[in-house]
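Here is the structure we will look at.
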There are 2 protein chains.
Amino acid sequence: MDDMVRRCRDAGMNVTPQRLAVYRTLLESEEHPSPEMLYRQVRESMPSLSLATIYKALEALERLGLVHEVNVISDTKRYDANTDNHHHLVCTMCGNVADYYSDELDALVPRRRVRGFVPRSVTVNITGVCASCQQAGDH
Amino acid sequence: MDDMVRRCRDAGMNVTPQRLAVYRTLLESEEHPSPEMLYRQVRESMPSLSLATIYKALEALERLGLVHEVNVISDTKRYDANTDNHHHLVCTMCGNVADYYSDELDALVPRRRVRGFVPRSVTVNITGVCASCQQAGDH
DNA sequence: ATATATGCAAAGCTTTTGCTGAAGA
DNA sequence: TCTTCAGCAAAAGCTTTGCATATAT
């Protein structure tokens, strides 16, 4: 959180309660929430918050590099405040997104040019069925 | 294309000129088009085509496993008729998506359970800046 | 005091849906 | 003939935008 305050100031951006709340919620969340999910959650402690502000705050946090879009196939975008190098296990039944760490995978990802393309970041999305949805599938 | 006809029939689905045109266009395309891009392209030879039909055709083709959504961070979905195992280089400046093959990467991708999660398919998205956007950046 | 951000409502897109007439098997 | 599908238009999301007010610095 201190990091956020510093980065905002450095970028000439205001540190507002709304941005703090959005960022804190994202930091504490494990569920890679969508803007709508964040809206519902942050509103509990800040009822005047508007959905447009969530979108603008996410855009600001992303500009600062504090937050990333999670590259999931779903109708809405999902966000993650974990900026460590990590990947995602995406359940096609319930939509849950779990983190997945793999040093070997990270090591294989190209760090230099591929046919003129300069890689910046890599995400591996593994789709499948999570443990609880499989249990639900067994009758 | 023959494969498509067979699979449609097996699934009790009609083989319509619209579906054929959408599938052929996707097969011949290198640009991982969005529904809108397909719409513009297929309409050139089939002016009566509607956008809703594109969506329905893509859904049908996906159900048959002939087409996949490309998991790109962008405002609209992108589609791919290349069902070989491959990954994507996504340019964050122009939105272009190029294919990327890597046997080593494929080999590291989990094929068995990870903490109860059963993997089904894997996509590696490498974001960065493509060759032509870098040139455009140099003044 | 000044620049920046919020909240609201409206607009803009993308995607889905219901229905009727048309076409495939 | 009977089922499935295309086209249309309307609806339903999701996301962005403009503007007036409020807030951060």
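Each chain gets a letter, A, B and so on, in the order the sequences are listed, and its residues count up from 1. Worth knowing before you read on, the calculation uses all heavy atoms, side chains too, and leaves out hydrogens, waters and symmetry mates.
The interatomic distance linking B:Arg9 (CZ) with D:dT4 (C1') rounds to 13 Å, in whole Å. Between the CG atom of A:Asn14 and the P atom of D:dA24 there is a distance of 8 Å, given to the nearest Å. Taking atom CG of residue A:Leu20 and atom C1' of nucleotide D:dA24, one finds them 11 Å apart after rounding to whole Å. Distance CE (B:Met13) to C1' (C:dA23): 15 Å, rounded to an integer number of Å. When rounded to the nearest whole Å, the span between OH of B:Tyr39 and P of C:dC13 equals 15 Å. With rounding to whole Å, B:Leu49 atom CG is found 15 Å from C:dA22 atom C1'. The interatomic distance linking A:Met37 (CE) with D:dT15 (P) rounds to 13 Å, in whole Å.
Under 4.0 Å is where a charged nitrogen must lie from a carboxylate oxygen, and between A:Arg111 and A:Asp106 no such pair does. Between A:Arg7 and A:Asp3, at least one side-chain N (NZ, or NE/NH1/NH2) sits under 4.0 Å from a carboxylate O, which counts as a salt bridge.
An OP1 or OP2 oxygen of D:dA6 is reached within less than 4.0 angstrom by a side-chain nitrogen or oxygen of B:Thr16. Put simply, A:Ser50 has no side-chain N or O that comes within less than 4.0 Å of OP1 or OP2 on C:dT6. When the side-chain nitrogen and oxygen atoms of A:Gln18 are compared with OP1 and OP2 of D:dT23, none of them lie within a distance under 4.0 Å.
Contact of the B:Leu27 side chain with the B:Met1 side chain is registered, since non-hydrogen atoms from C-beta on lie closer than 4.5 Å. In this structure the side chain of B:Leu89 never reaches within 4.5 angstrom of the side chain of B:Thr127, judged on heavy atoms. In this structure the side chain of B:Phe117 never reaches within 4.5 angstrom of the side chain of A:Gln134, judged on heavy atoms.
Results of the side-chain contact (heavy atoms from CB on, under 4.5 Å) test with A:Val42 over A:Leu26, A:Thr53, A:Thr25 single out A:Thr25 as the only residue that passes.
Between A:His32 and A:His88, the angle of the ring planes goes over 60°, which puts this pair in the perpendicular group of the 30/60° scheme. Between B:His87 and B:Tyr100, the two ring planes are tilted [angle within 30° to 60°].
Heavy-atom neighbours of A:Glu30 CD from other residues, nucleotides or ligands within 6.0 Å: at or below the threshold of 12.
For the pair B:Arg19 and B:Arg43, nearest-nucleotide mapping onto DNA chain D gives the more 5' position to B:Arg19. Each of B:Gly12 and B:Met46 was matched to the nucleotide of DNA chain D holding its nearest heavy atom; the match closer to the 5' end belongs to B:Gly12.
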Reading 5' to 3' through nucleotides 14-20 of chain C, protein heavy-atom contacts under 4.0 Å coded B for base, S for sugar-phosphate only, - for none | SBBBB--
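Summary of helix geometry: the two end axes of the helix from C:dA1-D:dT25 to C:dA25-D:dT1, each defined by five base pairs via their C1' atoms, are inclined to each other by 40° (rounded to 10°).
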